[in-house]
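Letters A, B, ... mirror the listed sequences (proteins, then strands); counts begin at 1. Only heavy atoms go into these numbers, but all of them, side chains included; no hydrogens, no water, no symmetry mates.
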Amino acid sequence: MKRYSPKDIEPKWQKKWADDQIYKADLGSSKPKYIAMSMFNYPSGNLHIGHAMNYTISEVKARFKRQSGYESYHPVGWDSFGLPAENRAIKAGISPQASMAELIPDYRNAYIAMGWSNDWSKEISTHDPLYYKWTQWIFSEMYRNGLAYQDSRMQWWCDKCQTVLANEQIIDGKCWRHEGIQDPIVQQKEVKQWFFKITAYADELLDAIDDLDWTESVKLAQANWIGKSKGAEIDFEIESRDKSHESRKITVFTTRPDTLFGATFLVLAPEHDLVAQITSNDQKTAVDEYVKASSLKSELERQSSKEKTGVFTGTYAINPINQAKVPIWIADYVLTGYGTGAIMAVPAHDERDFEFAQKYELPVIRVVKNNATDEECSHDEGVMMSSSQYDGLPSSDVREKIVADLEQKGVAIEKTNYKMRDWSVSRQRYWGAPIPIVYCQKDGAVLVPDAQLPVVLPELDDFQPSGDGRSALARATDWLQTTCPTCGGPAERETDTLDTYICSSWYMLRYFDPSNTEKIFDTAVANKWMPIDFYNGGDHATAHLLYARFVTRFFSKIGLVDDPEPFKQMLFNGKVLASDGTMFSKSKGNGIDPLEIINSGYGADALRTYLMFAAPLEFSPRWDPQGVPATYRFINRIWNLVQEYADTQDAQVQEAYAKKIRFSTHSMIKKVSEDLEGNRYNTAISAAMKCVNELYKLKTQHFGKSVVWQEALEAIVACSAPFAPHAMEELWQDLGHDSTVHIDTWPTHDEKYLQGDEVTIVVQVNGKLRANLSVASGASQEEVQTAALADENVQKHVGNKKPTKIIYVPGRLVNIVV
RNA sequence: GCGCAGGUGGUGGAAUUGGUAUACACGAGAGACUUAAAAUCUCUUGCCUUUACCGGCUUGCGGGUUCGAGUCCCGCCCUGCGCACCA
């Protein structure tokens, strides 16, 4: 009997599949399309167990659909620009280009060894000039549509990376690449930056979230990130002691205009423009000191110190609703970047204001009557009080009314604010797509004409940042010096490169037309294949997924693609954890190498099946050293079953056995199909295991060449093929096929085989299980009840009491209440 | 602090609309095959009581609704993730 040896069959089939190009997607196929993919790879080292997990998830989905009659496309690409790659190259003393030329082939081999069904004919790399030409073109297109602009502003700066960071790239006040204990806290630095105006799409991006079939937590994270809040801007006149004041008012943003009568002071952020102007002479020293101190504080310090601090400016403002005189303070708990950088403080109804008022003994006026006591602060809704003409009205109604009334006087306006900021896309690093801009003394910043794209990244010997805040490109003088496209005069290229999140925000579309040199991609093909049917990953809940949505939405507006949403279904999967429940890390050296497991003899099939079986895909399973041996045993059981069958003679299978075999097989087909569709891979695999166990019991009799056994074995082989593609391919051939198991072989279940002659009815007495009854499946309620009451054990518990009620659930249970 | 998700055997985890709690797997125990071991196959395995049957208990804790609750409702406790002074 042929033994199961992954070492021999896996490479054999990998070669055969490649030769036959069975995974090459025909984008013009007349079959229904399906595209499943995982977030593409950031090549920076070896394939690790996290990759194995992520990519197997979408790969199984792609295989399931390919077997089910779809033209299934499982693309592959490399997110090859970016810092980790550049840092690795610097460390290795080679260029990033050379580093990629080393890494990518290794990854390719690893992908093949995992048995992933990628279409290698359409492979892309973001560092390929053919690709980044279009990344640059997106910048130009954004610019032409008024969505890319340059601005000088304070930016987060990581000293280790020597580059600015987007808000999304800061974790606990540290750079996302340097969040260790010894790593520096990010600093603010004034830098001239290019931005994409993602805020212009804030509302659309938020509204569209509802309809996405995405992991709920990711949808929520995106909504939080966008952070929409409706409110009003209200003007407070500054009480003037000195006629020379340039500005006479302070505009505050509030989401609770209904509490305006309770505003007992104003607070400005220390960075607010008016601070110097309004500060009185006797408070000047204190204010100056406070402003200076808070500017030196890092964001982390500012956020970690719970204690609120502030200082009085010596000036007052007038509350527009009742002309009350309220003091103006400055405090760093008010953020400069949000709203107007100034708030009206309502200590009775805002916890932060309450805390501040307590500390500095400022008055507290309650204006909403709710369940809170007089001593505590509460933002709950209620009925207005101490609010003149609004008294007695519900606070939720007054919110709009008060703004409308003030709007008439021209001192307020309805306003919606967002937490989300524009996307900073400039990076002061070498390894990225150069921003297609030149600076001319006469014409300023000028776009490089499309005909001159790509602006090719020059090869350098030294690509360390220049240290003055500019990238290594600042030293590439030949490249740097150019001519102005507008006037032809001397000009200098932009030395910043584009954030790699731009590269990854549109790659899925390039998969449909990877070598087009005339256009970014063919719209007709993209419209046929978009949106991506299935997408998964264990990271980037906000940044990448938000940027990809933004860019796709932009593409739909300029007519490049119809659907504004790129990913129809998105599954945010868990990460494999070490056996002790902690994250795998390089420093701990506790990583699991997928190739090592494959080569140890267990093979890719057992590894893949284990990863998909260990837990639901959303969970983070702990690595179990017993796991792969267990799934190896499962595959081996299928293997031996098929081999044994191949060695049998023709057999007559009695009808009663045939029924049992079919019941087992068709239940399995149904369950596996539904579970694969619903991304419940772990229970799909357990259904296949259960079926195999049952077939093992059934094979002790009437086992042999027959239609019913052939069908059963083909079903178990086909249904296990997405998880264990190599072994199942071999077995498929052993069952007598010449063509591959991986295309158009998915079995369908027939309901008629799922109906048994008898059903098991559970009998309860007062809700407690007392008997199991086997009755004919067509039995009437009366028959079932009679049989139930006749049962010996049921009789014992009913005794001579008369049933007061009998609950009957057809085909399931009888509950006798006495 | 706020938001979200979740607490089920020794372990990972299953359980349609409320309807046999613990599927499947690991681990453990026993047996078969073998000179022996590995591999393979078969059986047992929530807890208590019992030779066995029978019975009792059990889904983080406490209540409630119901003929019936892992599932629904109320109040606690704990864990994980996300956001974090966004007015």
Using only side-chain N and O atoms of Lys671(A), determine if any of them is under 4.0 Å from OP1 or OP2 of A14(B). no

Does Arg633(A) put a side-chain nitrogen or oxygen below 4.0 Å from OP1 or OP2 of A39(B)? no

Looking at U16(B), does its base get a donor-acceptor pair with the side chain of Arg812(A) below 3.5 Å? yes

is_close_aromatic(Phe613(A), Tyr681(A)), centroid dist under 6.0 Å: no

Show me the dot-bracket string of RNA chain B, counting Watson-Crick or G-U pairs under 3.5 Å, with | for pairs to another strand and [ ] for crossing ones. (((((((..(((......[....)))((((((.......))))))(((......)))..(((((..]....))))))))))))....

Measure distances between side-chain N and O atoms of Asn224(A) and base N and O atoms of C83(B), and say whether any donor-acceptor pair falls under 3.5 Å. no

side-chain N/O Gln764(A) vs G68(B) OP1/OP2, d < 4.0 Å: no

C67(B) phosphate, OP1 or OP2: any side-chain N/O from Lys805(A) under 4.0 angstrom? yes

Using nucleotides 69-75 of chain B, report all nitrogen or oxygen pairs with the protein that are shorter than 3.5 Å.
none

hbond_proxy Lys308(A) side chain to C85(B) base (donor-acceptor, 3.5 Å cutoff): yes

Nearest to side-chain heavy atoms of Asn682(A), which nucleotide of U20(B), G13(B), A25(B): G13(B)

Can a side chain N or O of Asn693(A) be found less than 4.0 Å away from OP1 or OP2 on A25(B)? yes

Applying the ring-ring contact (aromatic ring centres under 6.0 Å, His included) test to Tyr610(A), which of Tyr602(A), Trp623(A), Phe634(A) qualifies? Trp623(A)

